[in-house]
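Each remark here refers to the structure printed beneath this line.
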Amino acid sequence: MDKIFIHALKTEAIIGIFDWERQVKQTVIVDIEISADIRKAALSDSIDDTLNYKRVAKRVLSFVEESKFHLVETLAEHIAMLMLEDFGIAWVERDRGDLEAWRSMRPAATKP
């Protein structure tokens, strides 16, 4: 299997445990690593034979924008489940779900 990386998908969402976090959207940045067999696409040079990265990115962004999770870990897990279910991917790894609101510390991250 080959690895496909989609880095720095940036959008805004309601996320957090504090009252103020439930009232304002925060910037969320998502990195995703996806497994895919790209041999057929490499030979055919056809978008129909590969994972359409634009569709993946749009779907993840839409999902994050509509979400209202309390924890970054929960958001990351649901993104992984979405990728497995919607795109039939063998495995997915989410490197991080950063919140730009945490300016005085290193971004929080989740990794299985």
Side-chain angles (χ1 to χ4, degrees):
M1 281 293 177
D2 299 289
K3 291 181 183 178
I4 297 170
F5 301 92
I6 300 177
H7 290 289
L9 290 177
K10 186 175 181 178
T11 191
E12 293 189 344
I14 298 289
I15 189 162
I17 59 172
F18 300 109
D19 289 340
W20 71 267
E21 292 174 313
R22 309 305 301 158
Q23 297 174 22
V24 283
K25 289 190 173 193
Q26 298 182 70
T27 300
V28 178
I29 303 170
V30 179
D31 289 345
I32 304 169
E33 182 178 323
I34 306 165
S35 70
D37 185 351
I38 62 168
R39 289 177 290 183
K40 185 175 180 183
L43 294 172
S44 71
D45 197 29
S46 172
I47 189 69
D48 296 329
D49 293 331
T50 193
L51 181 66
N52 186 322
Y53 318 141
K54 184 175 183 177
R55 276 191 50 226
V56 171
K58 284 180 135 184
R59 180 67 179 105
V60 170
L61 288 171
S62 174
F63 177 79
V64 173
E65 289 167 359
E66 295 171 11
S67 71
K68 293 186 179 182
F69 295 108
H70 289 94
L71 302 176
V72 172
E73 295 85 351
T74 307
L75 174 61
E77 184 65 23
H78 279 82
I79 290 171
M81 290 187 304
L82 172 91
M83 300 298 298
L84 297 171
E85 293 169 6
D86 285 14
F87 296 98
I89 294 166
W91 60 262
V92 62
E93 184 172 313
R94 62 265 183 234
D95 283 339
R96 70 175 198 238
D98 292 346
L99 299 180
E100 286 190 349
W102 303 334
R103 303 207 190 280
S104 62
M105 61 185 264
R106 292 183 62 205
T110 64
K111 193 167 187 173

ask   = Does the side chain of Ile38 come within less than 4.5 Å of Ile4's, by heavy atoms?
value = yes
key: Spacing of Lys54 atom NZ and Ile47 atom CD1 [to the nearest 0.5 Å]   = 10.0 Å
task = Under the side-chain hydrogen bond (donor to acceptor under 3.5 Å, both in side chains) rule, collect the residues that match up with Arg22, sequence neighbours excluded.
result = none
query = Pick one: which of Val72, Thr74, Val64 meets side-chain contact (heavy atoms from CB on, under 4.5 Å) with Ile15?
reply = Val72
request  = Quick one: list whatever passes side chain to side chain contact (heavy atoms under 4.5 Å, CB included) with Ala41, sequence neighbours left out.
outcome  = Asp49, Thr50
inquiry  = Restricting to side chain to side chain contact (heavy atoms under 4.5 Å, CB included), what partner residues turn up for Leu43, sequence neighbours left out?
reply    = none
task = Of all the heavy-atom pairs spanning Met83 and Ile89, show the shortest one and how long it is.
result = CE-CD1, 3.6 Å
request  = Work out which heavy atom in Glu21 is nearest to a heavy atom in Ile14; give both atom names and the distance.
outcome  = O-CG2, 3.8 Å
ask   = Residues in salt bridge (Lys or Arg N to Asp or Glu O under 4.0 Å) with Lys58, at least two apart?
value = none
ask   = Excluding sequence neighbours, so at least two apart, what forms salt bridge (Lys or Arg N to Asp or Glu O under 4.0 Å) with Arg55?
value = none
request  = Keeping to residues at least two apart or across chains, list the side chain to side chain donor-acceptor pair (under 3.5 Å) pairs with something in residues 59-69.
outcome  = Thr11-Glu65, Arg59-Asp86, Ser62-Glu66
request  = Quick one: pull up CD1 in Ile32 and CD1 in Ile79 and give me the separation to the nearest 0.5 Å.
outcome  = 6.0 Å
query = Listed by chain and number, what are the side-chain hydrogen bond (donor to acceptor under 3.5 Å, both in side chains) partners of Asp2, not counting sequence neighbours?
reply = none
request  = Determine which pairs satisfy ring-ring contact (aromatic ring centres under 6.0 Å, His included) with at least one residue from residues 36-78, sequence neighbours left out, and list them in order.
outcome  = Phe69-His78
key: Cluster link Val56 to Leu84, ILVMFWY, side chain under 4.5 Å   = yes
Non-neighbouring partners of Lys3 that pass side chain to side chain contact (heavy atoms under 4.5 Å, CB included), sequence neighbours left out = Phe5, Glu33, Trp91
key: Counterpart residues, salt bridge (Lys or Arg N to Asp or Glu O under 4.0 Å), relative to Lys25 (two or more places apart)   = none
